[in-house]
Amino acid sequence: MMPVETLAFVAPVIFVAYAVFGMTGFGAAMVAVPVLVQFMPLQFAVPLVVLFDLACTALVGGSNWRRVSLDELKRLFPWLLLGIGLGVTLLHNAGSRWPLMLLGGFVLAVCIRGLRGSPAKTNIPLHAYWALPFGVFGGIFSALFGTGGPIYTIYLSRRLDALDQFRATISVVILLSGVLRAGAFGAAGLYGQADILSAAAVLLPVSLAGLYAGSRLRTLVPPGLLKRAILVLLAIAGAGALYRGWISAS
């Protein structure tokens with residue numbers, strides 16, 4: 001069983017991360033993983049968070065599947081699968097230094113882009129062949145850090161004009177990614193680590209409570225303030241992961 005003092009730090013992180021998910025529909029792993037790696041190995045944190053992602057994404061996205069773009073799923077799926085395979089291999093075999101620094105740098109880049117404000121959306125769609133790089137890199141980042149959502153979002157937002165179709169498709173992509181990652185992590189033996197399943201059992205209710213709280217708060221917090229607060233929180237977490245990787249001996 002995970003030490004009580006560790007759980008005391010980890011539980012609030014999980015609650016806040018899934019409150020963010022409840023308010024925005026994304027971002028739980030980007031909030032949770034950079035903070036969790038301050039208390040546990042990356043190879044423990046990412047498979048742990050994937051289990052919570054599966055439960056929460058299924059609850060939030062399951063009602064919208066009829067609006068999913070099957071054509072885009074068919075384009076992304078083989079490359080997403082390849083990327084997840086590469087990412088799981090790296091997570092299982094790589095040391096911690098460069099993955100942590102890559103995670104921190106990626107999160108900080110997303111935050112800087114968000115705080116500067118997104119440029120006006122172009123009406124020119126991406127060509128279908130962009131499914132290959134976005135699928136591969138989204139899969140790699142999903143497996144390594146649980147943070148592939150922004151990559152899939154960039155691709156699908158430029159392929160799907162209908163907002164309801166985009167939301168439904170990104171929800172299913174993230175859910176499908178979670179199922180594949182969980183299976184790959186299990187095959188790689190990452191769920192055989194001591195304490196990981198017992199920690200998941202203890203913390204799953206915390207993630208669901210955060211999801212519920214975030215869903216209730218969504219209509220009470222001004223969207224602009226919410227966005228900036230989340231980005232600042234992410235920037236702090238990303239800087240912590242970058243520092244953790246820098247001082248790592250491996």
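- Counting only distance, with no hydrogens or angles, the side chain of Arg67 and the backbone of Thr169 share no donor-acceptor pair below 3.5 Å.
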Would Leu48 and Leu203 count as a side chain to side chain contact (heavy atoms under 4.5 Å, CB included) here? Give the steps. CA-CA 9 Å; Leu48 180 67; Leu203 293 168; 4.3 Å; yes

May I have the list of side-chain donor-acceptor pairs in residues 74-86 shorter than 3.5 Å, sequence neighbours left out?
from	atom 1	to	atom 2	distance (Å)
Arg75	NH1	Glu72	OE2	2.8

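- At least one donor-acceptor pair under 3.5 Å links the side chain of Gln38 to the backbone N or O of Pro34.
- Phe141 has its ring centre less than 6.0 Å from the ring centre of Phe106.
- Judged by distance alone, with hydrogens and angles left aside, the side-chain atoms of Gln193 form a donor-acceptor pair with the main-chain N or O of Gln43 at under 3.5 Å.
- A donor-acceptor distance shorter than 3.5 angstrom exists from the side chain of Ser207 to the backbone of Leu204, with no hydrogens or angles considered.
- Using a 4.5 Å heavy-atom cutoff, the side chains of Val88 and Leu144 are not in contact.
- Judged by distance alone, with hydrogens and angles left aside, the side-chain atoms of Arg181 form a donor-acceptor pair with the main-chain N or O of Ser177 at under 3.5 Å.
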Residues Leu42, Val33; criterion side chain to side chain contact (heavy atoms under 4.5 Å, CB included); working and verdict: CA-CA 8 Å; Leu42 184 68; Val33 173; 4.0 Å; yes

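- Considering every non-hydrogen atom in both Leu91 and Ala143, the closest pair reads CD2-O, 3.6 Å.
- Contact check for Phe137 versus Leu132: no side-chain heavy atoms found under the 4.5 Å cut-off.
- Pairing each heavy atom of Ala200 with each of Leu51, the nearest pair is CB-CD1, 3.6 Å.
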Please step through side chain to side chain contact (heavy atoms under 4.5 Å, CB included) for the pair Phe134 and Leu126, ending with a clear verdict. CA-CA 11 Å; Phe134 278 97; Leu126 287 175; 3.9 Å; yes

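- Across all non-hydrogen atoms, the minimal contact from Val46 to Phe145 is CG2-CA, 3.8 Å.
- Using a 4.5 Å cut-off between side-chain heavy atoms of Ile, Leu, Val, Met, Phe, Trp and Tyr, with links allowed through other members, Met2 and Val4 fall into different hydrophobic clusters.
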Validation: residues 9-18 side-chain donor-acceptor distances under 3.5 Å, sequence neighbours left out:
from	atom 1	to	atom 2	distance (Å)
Tyr18	OH	Val49	O	3.3
Tyr18	OH	Asp53	N	3.4
Tyr18	OH	Asp53	OD1	2.7

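- Atom CD of Gln165 and atom CZ of Arg159 lie 10.5 Å apart (nearest 0.5 Å).
- Considering every non-hydrogen atom in both Trp130 and Tyr155, the closest pair reads C-CE1, 3.8 Å.
- Atom CD1 of Ile170 and atom CG of Leu175 lie 11.5 Å apart (nearest 0.5 Å).
- The hydrophobic clustering, which links ILVMFWY residues whose side-chain heavy atoms are closer than 4.5 Å, places Tyr212 and Leu217 apart.
- Between Leu36 and Ala45 the shortest heavy-atom distance is CB-CB, 4.0 Å.
- No side-chain heavy atom of Phe52 sits less than 4.5 Å from a side-chain heavy atom of Leu208.
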Run the numbers on Tyr152 and Ser142 for side chain to side chain donor-acceptor pair (under 3.5 Å), then give the verdict. CA-CA 10 Å; Tyr152 304 135; Ser142 290; 3.2 Å; yes

